[in-house]
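Just the heavy atoms: all of them, side chains too, but no hydrogens, waters or symmetry mates, feed the values below. Throughout, protein chains are lettered first and strands after them, A, B, ... in sequence-line order, and every chain is numbered starting at 1.
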Amino acid sequence: MTDGASFRKLTFPPTDAYRHMLPSPDPESLAAAVELAVAIRSARLGRATHAAAVKYLSPRPLPAFLSNHLVNMYSKLDLPTAAATLLSVDPDPSVVTWTALISGSAQNGRPLSALAHFAAMLRASVRPNDFTFPSAFKAAAAARQPLVGRQIHASSFKSGLIDDVFVACGALDMYFKTGLTFDARTLFDEMPQRNIVAWNAVMTNAVLDGRPDEAIKAFIKLRLHGGIPNTISLCAFLNACAGASYSSLGSQLHAFMIQSGFDLDVSVGNGLIDFYGKCHWVHEARAVFDEMHMKNDVSWCSMVVVYAQNGAEEEAFRVYLDARKEGIRPTDFNVSSVLTTCAGLSGLDLGRSLHAAAIRSCINGNIFVGSALVDMYGKCGSIRDAERAFEEMPERNLISWNALIGGYTQLGDAHMALTVFDEMIGCGEVAPSYVTLVNVITACSRGGLTKEGLDLFETMKERFGIEPRLEHYACVVDLLGRAGMEERAYEFIKTMPVRPSISVWGALLGACRLHGKTALGRIAAQKLFEIDPQDSGNHVLLSNMFASAGRWVEATEVRKEMKDVGIKKGPGCSWITWKNVVHVFQAKDTTHEMNDKIQAMLAKLRRQMQAAGYMPDTRYALYDLEEEEKETEVLQHSEKLALAFGLVCIPPGIPIRITKNLRVCGDCHCAIKFISGIVGREIIVRDNNRFHYFRDYQCSCRDYW
DNA sequence: GTAGGGTTAG
């Protein structure tokens, strides 16, 4: 509510007005009460006033102007049936009545109803006026119907109303939103008068269409024409800067906003938070947030997103909790953005509590919330919950399907990923995107369905009209490499039409490690070092490849090289959540308060594992030690410590969930398989790449990761 | 009495 349009007749606070409103039989007072109901969005007051009007005025019919007020009220409050019924009993509805019905539908996200009402109005030989056309254009724009939009434009042209700025701005925005950019530009150039709304339409749509530079140019041109930007222009400009990562330009504008006092506007403040967040200037975003005089739910949500998208998930969650403390209701926006941080943290318990909050706030049917739930459960390794969340969604879109397929991909369940993919195609409601294909081809690769994966890659353009991107090429290299066709994968890379990326060579190196192809592995590693000389992961992979092949000299060389060039392996850590507390472990960590019990558990497990035939794989020991010392060292890896803690604390029957920030180590992988069988428990390890489900001496990845 | 351009998410 920036311009107070809906309040223009009220000189006192509307809630007070409601309190002192007394039923009064004259039509003027009744109309005022109806208008008030719209302003405070109270369907209760609206209905009560309608009933009072009928009672007071019966047996006389409602006067036309009061009837218009009522249609408008029902339509604006999104009670379309009541609005349409009232109009239908009117023997001669005027253009005002029709426009009230049309605008309400357009504003409440019912563009197709709005267009249907517009058509019905024309059939009833009622001519649209300068108020009708803007709503009709808005509906055509929202419904993405360029042809309908063009017809409305023609009609407004014939009636001469296109010269009205409101009408022209509606047409302008409609042409942009329906993709008829050329028509939009022509219209803009030919407009007899351009107001700020027209300029804003140019700018906001340029940003929406991913042309931020054009929005910035338009802003400069507006200033050169002596135009005064308003809050909407400034939000558009900030969005453009965020989209193009023009951090200094945006912060210059911030200075201008402070001078002109625009930064006091909530929307502009929110735009600034978002802008700084997208430029990764987290401190600046927080400073704007802290200094805001007025915060609304969007401000809080934007701040959550800033943290979530800049790798500070815990901080994001804290802001969400602070918002709750401040009395901010968990909105669909809020919940869906915080759910992504749970997915990132692997925070299943937090995610479940958000799910419960979503149900309590009746937003669990929202498509964003639903998709975020599917995504969160999938990423937290709870595929049954992901399936259930998907089933419960009242409607689904591309993102929902991608989230479910992604869940199966993370698990390595290629058959289910393909089944759901087929279902998605079969339902005919959504077309797959390039993300969908990355997911299914990756699933094929992880599940060993080499032929199916290659088939998908080769036919994706023809079947789905999707041009293969770099990600898809990397998938194919992975697919071939895992299946033992490293040479073919290398040939494939040579014929790629795009320059191979880190993930392409990384996939080849991974495959070479898996199958002991050291010569080719060295080539891949060389390419990787050229692209990113400082990456520790690739050096470790190369060293492990030599170690697995028993080529100790080369393995040591790579390690030494890393040391010489000053590459440090980031500290590996594993964490486990128990009773809402996150317990983090590093290798050889003895600082935990339950260290004694953890060590006792490890000693016991070691005896039991060795009795069952486990041999410690000391190649994963980092130091040059005696064999027995190496055995002790690998036993102290962070994932084993976290697991021992879980076995000490978490009662039998509850699956143990561990998250690791690096790839799970080979010896730990083998040990956890044994432990899952010995203690008879489900153990789920999420590493930086995928899930491992350990059960009964086996892992879901089939030792293929 | 009826109108146009906007901030946050999967």
Side-chain angles (χ1 to χ4, degrees), chain A residues 2 5 9 31 34-35 38 63-73 75-76 94-104 106-107 128-138 141 161 164-174 176-177 195-205 207-208 230-236 238-239 242 265-275 277 296-306 308-309 331-341 343 366-376 393 396-403 406:
Chain A
T2 49
K9 284 206 166 163
V34 173
E35 204 171 320
V38 177
F65 84 95
L66 184 55
S67 173
N68 285 339
H69 270 298
L70 287 167
V71 170
N72 186 45
M73 181 270 294
S75 192
K76 293 283 146 59
S94 71
V95 61
V96 176
T97 325
W98 280 107
T99 305
L101 186 64
I102 294 164
S103 67
Q107 284 174 16
N129 67 8
D130 51 340
F131 281 64
T132 322
F133 279 119
S135 289
F137 282 129
K138 188 187 171 85
L161 288 168
D164 181 278
V165 240
F166 270 84
V167 176
C169 285
L172 180 66
D173 189 56
M174 176 278 296
F176 275 124
K177 293 221 159 65
N195 62 2
I196 188 65
V197 178
W199 285 99
N200 289 347
V202 171
M203 291 175 65
T204 53
N205 283 297
V207 175
L208 283 174
N230 65 9
T231 55
I232 293 172
S233 335
L234 294 173
C235 285
L238 284 172
N239 268 332
D265 182 88
V266 188
S267 299
V268 173
N270 296 343
L272 278 166
I273 295 173
D274 178 59
F275 156 73
N296 62 11
D297 54 331
V298 177
S299 326
W300 287 94
C301 184
S302 304
M303 201 56 234
V304 168
V305 174
V306 168
Q309 292 182 348
T331 63
D332 45 357
F333 267 97
N334 252 313
V335 171
S336 57
S337 39
V338 183
L339 277 170
T340 54
T341 77
N366 174 280
I367 196 157
F368 276 88
V369 174
S371 301
L373 281 169
V374 175
D375 182 58
M376 180 275 295
M393 288 179 75
R396 292 157 197 144
N397 62 12
L398 172 67
I399 309 292
S400 335
W401 286 97
N402 281 354

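Checking dA9(B), dA3(B), dG10(B) against every side-chain atom of Ser135(A), the shortest atom distance belongs to dA3(B). With dT7(B), dA9(B), dG5(B) as the choices, the nucleotide that has an atom nearest any side-chain atom of Asn270(A) turns out to be dT7(B). Side-chain atoms of Phe166(A) lie closest to dA3(B) of the nucleotides dA3(B), dA9(B), dT7(B). The Ala372(A) side chain lies nearest to dG10(B) when the options are dG10(B), dG6(B), dA3(B). Listed nucleotides: dT8(B), dG6(B), dA3(B). Nearest to the side chain of Asp274(A): dT8(B). Each of dG6(B), dG10(B), dT2(B) was ranked by its minimum atom distance to the side chain of Ala100(A); first place goes to dT2(B). Each of dG10(B), dT2(B), dG5(B) was ranked by its minimum atom distance to the side chain of Val197(A); first place goes to dG5(B). Out of dT2(B), dT7(B), dG10(B), the shortest distance to the side chain of Val298(A) is found at dT7(B). Comparing dG6(B), dG5(B), dA3(B) against the side chain of Asn230(A) picks out dG5(B) as the nearest.
Following rounding to the nearest Å, Asp297(A) (CG) and dT7(B) (C1') show an atom-to-atom distance of 10 Å. One interatomic measurement links the two molecules: CZ of Phe137(A) to C1' of dT2(B), which rounds to 16 Å at whole-angstrom precision. Counting to the nearest Å, the P atom of dT2(B) and the CE atom of Met73(A) are 13 Å from each other. If you take CG of Asn334(A) and P of dA9(B), they are 11 Å apart, rounded to a whole angstrom. Atom P of nucleotide dT8(B) and atom CZ of Phe275(A) are separated by 14 Å, given to the nearest angstrom. Here dT2(B) presents its P atom at 13 Å from CG of Leu66(A), a figure rounded to the nearest Å. Taking atom CH2 of Trp98(A) as the reference point, atom C1' of dT2(B) lies 14 Å away to the nearest angstrom. Nucleotide dG6(B) holds its C1' atom 10 Å from the CG atom of Leu208(A), rounded to whole Å.
Side-chain atoms of His69(A) and Val38(A), non-hydrogen and from C-beta on, never get closer than 4.5 Å to each other. You'll find the side chain of Thr132(A) reaches within 4.5 Å of the side chain of Val95(A), heavy atoms only.
The heavy-atom pair separating Ala106(A) from Ser135(A) by the smallest distance is CB-O, 3.9 Å. Shown here for Thr99(A) and Asn129(A), the closest heavy-atom pair between the two residues is OG1-OD1, 4.2 Å. Between Leu238(A) and Gly271(A), the shortest heavy-atom distance links the atoms CD1-C, 3.7 Å.
Neither OP1 nor OP2 of dT8(B) sits under 4.0 Å from any side-chain N or O of Gln309(A). A close approach under 4.0 Å does occur between a side-chain nitrogen or oxygen of Ser103(A) and OP1 or OP2 of dA3(B). At dG5(B), none of the side-chain N or O atoms of Lys177(A) fall inside 4.0 Å of OP1 or OP2 (strictly under the cut-off). Dashed line: the shortest gap from a side-chain N or O of Asn296(A) to OP1 or OP2 of dT7(B) is not under 4.0 Å.
As judged by a 4.0 angstrom heavy-atom cut-off over every strand, Asn205(A) is placed among residues making no nucleic acid contact. Across all strands, Asn239(A) comes closer than 4.0 Å only to sugar-phosphate atoms, never to a base (heavy-atom distances). Residue-level contact check: Thr97(A) touches neither bases nor backbone, having no heavy atom under 4.0 Å from any strand. Using a 4.0 Å heavy-atom cutoff across all strands shown, Ile196(A) reaches at least one base atom of the nucleic acid.
Applying the side chain to side chain donor-acceptor pair (under 3.5 Å) test to Ser233(A) and every residue at least two apart in sequence or in another chain returns Asn200(A), Asn230(A). With sequence neighbours excluded, the residues satisfying side chain to side chain donor-acceptor pair (under 3.5 Å) with Asn72(A) are Lys76(A).
For dA9(B), the base has no donor-acceptor partner in the side chain of Ser337(A) [N/O atoms by modelled type, under 3.5 angstrom]. A donor N or O paired with an acceptor N or O is found under 3.5 Å between the base of dG6(B) and the side-chain atoms of Ser267(A). A donor-acceptor contact under 3.5 Å is formed by the side chain of Asn397(A) with the base of dG10(B).
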